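Here the structure is laid out as structure tokens; the discussion comes afterwards.
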Amino acid sequence: MKVPFIDLKRVAGLVHAQALEAWQRVAERTEFVGGPTVGALEAALADKLGVRHAVSCSSGTDAILIGLQALGVGPGSKVALPDLTFWATYEAVAQLGATPVLVDVDADLQLDLDELRRAHDAHRFDAVVLVHLMGWASARLAEIRAFCRERGIALVEDGAQAYGVEVAGAPVFAGAQISTLSFYPAKVIGGCMDGGAILTDDAALAGLVRKLCNHGRATHYSYSHVGWNSRMGGLQAAWLLAMLGHGDEIVRTRRADEARFRERLAELAPLARAYGPPPGVAGNGYLSVFTLERAEHEAVARRLGELGVGVGRVYPETLSQQEPARQAPRASGLERSRDFCRRVVDLPLYYGMTAEEHAHVCQSFATALRAESER
Ligand SMILES: Cc1ncc(COP(=O)(O)O)c(C=O)c1O
């Protein structure tokens, strides 16, 4: 049996026919940039994610960048962000001419609030990018928000990976100053091309974000800001609207499969350590995350490959290990992020995984890990 790390055809199959029909209408109405289908998607997102305003844009990277810009981040700003995240988080800060300051993660792989507090004394942050990483979020979300609010630090929450994540029973996006989404096709709600969204309860901020996404336009040919061309079109919006219609089912099944990996593979401790949502947080099953405590990941991946199982490594290196970030200021030695990246292995996890595939992954991982840990 072959189980790839990801199989997008299964989730795409949910909406394929519906999207083709919608695309016909979008093409007839020439809704190529913006338009009523984009408006309908934004309304559906706001409703689903517990926020007042959702503004679509071209990518999750743009969403972070434009969210930060709307909160006043620019040259001279100091912005804290976790060392463990996708490179786009760093790019968004750096592209604005701001200085990224790297902070280590906590045991739950989310930004370490205690380190952030200490680092703020030294660096005096203008903004923080909190990343809801791996398919869950920090159990200390409310404390992190309060920390930033009380000190007037702008807070953008990078929720690229977090559609479907809930904290204390509410969508993680609810109550954020600004949060963002990515619709990269491999995300839990994936588009048919790049896309993103910026979410907020603040009408003035939403208006500014909408302008910044559209060249900083005041009217069609007058400009109140230097913005970007970061807009969504009807084809992508129609695909995403269809996908949102299956959102609950996608999250429910991915979440259950992720939890079942942890349950079934708990017996592998201490050879492998499983990571998952902390108490009070419901994950979305974006990733199935393990670290290998004795075996080498290359050798385990090779054995799994022989058994027909694909694995991923999210992420094999931290931000501070990337050439453009080597000199970036940091709050500490960033050891936890680095140690995690050295050891991480992600098992296959995608919408539509069958029970047989799930069982085959569990069995193969156990076999490969035991063989390689005993060498
Ligand atoms: C944590 C995180 N931030 C930002 C992004 C960037 O999103 P996009 O690829 O849509 O630009 C991604 C995903 O790709 C991500 O996982």
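Owing to the predicted nature of the structure, the values given are computational and were not obtained by experimental measurement. Only heavy atoms go into these numbers, but all of them, side chains included; no hydrogens, no water, no symmetry mates. Indexing begins at 1, ligand by ligand and atom by atom, following the structure's order.
Less than 4.0 angstrom separates some heavy atom of Thr89 from each of these atoms of ligand 1: 3 (N). Near Thr85, the atoms of ligand 1 lying under 4.0 angstrom from a non-hydrogen atom of the residue are 1 (C). Atoms of ligand 1 found under 4.0 Å from any heavy atom of Val131, numbered from 1 in the order shown, are 1 (C). With ligand atoms numbered from 1 in the order given, ligand 1 contributes 4 (C) to contacts under 4.0 Å with heavy atoms of Ile64. When each atom of ligand 1 is checked for a heavy atom of Ala88 under 4.0 Å away, the hits are 4 (C), 5 (C), 6 (C).
Considering only non-hydrogen protein atoms, atom 6 (C) of ligand 1 sits nearest to Thr61 OG1, 3.4 Å. The nearest protein atom to atom 14 (O) of ligand 1, hydrogens excluded, is given as Lys187 NZ, 3.3 Å; this is a heavy-atom distance. For atom 15 (C) of ligand 1, the closest non-hydrogen atom on the protein side is Ala160 CB, 3.4 Å.
Remark: the Asp158 side chain and the Thr89 side chain contain an N/O donor-acceptor pair separated by less than 3.5 Å. Remark: the Arg231 side chain and the Asn214 side chain contain an N/O donor-acceptor pair separated by less than 3.5 Å. Ser332 and Glu115 share a donor-acceptor pair across their side chains, judged by distance under 3.5 Å alone. If you check the side chains of Gln69 and Trp228, you find a donor sitting under 3.5 Å from an acceptor. Glu293 and Thr291 form a side-chain donor-acceptor contact under 3.5 Å, judged by distance and modelled atom types alone.
Residue Asp62 places every heavy atom at 4.0 Å or more from ligand 1.
Contacts classified as salt bridge (Lys or Arg N to Asp or Glu O under 4.0 Å) and involving residues 199-213 (residues at least two apart or in different chains) are given here: Glu42-Arg210.
Considering backbone and side-chain N/O atoms, Tyr184 never comes within less than 3.5 Å of an N/O atom of ligand 1. Looking at ligand 1, you'll find an N or O of Asp158 within less than 3.5 Å of one of its N or O atoms. At a 3.5 angstrom cut-off on N or O pairs, Gly60 counts as close to ligand 1. When only interatomic distances are considered, the shortest N/O to N/O separation between Tyr286 and ligand 1 does not fall below 3.5 Å.
We find that Asp339 and Arg336 are not joined by a salt bridge, their nearest charged nitrogen and carboxylate oxygen being 4.0 Å or further apart.
In this structure, Ile6 is not a member of the same hydrophobic cluster as Leu307, with clusters built from ILVMFWY side-chain heavy atoms closer than 4.5 Å.
By the criterion of a heavy-atom distance under 4.0 Å, the side chain of Tyr315, and not its backbone, is placed next to ligand 1.
In this structure, the separation between CG on Leu205 and CD1 on Ile198 is 10.5 Å, given to the nearest 0.5 Å.
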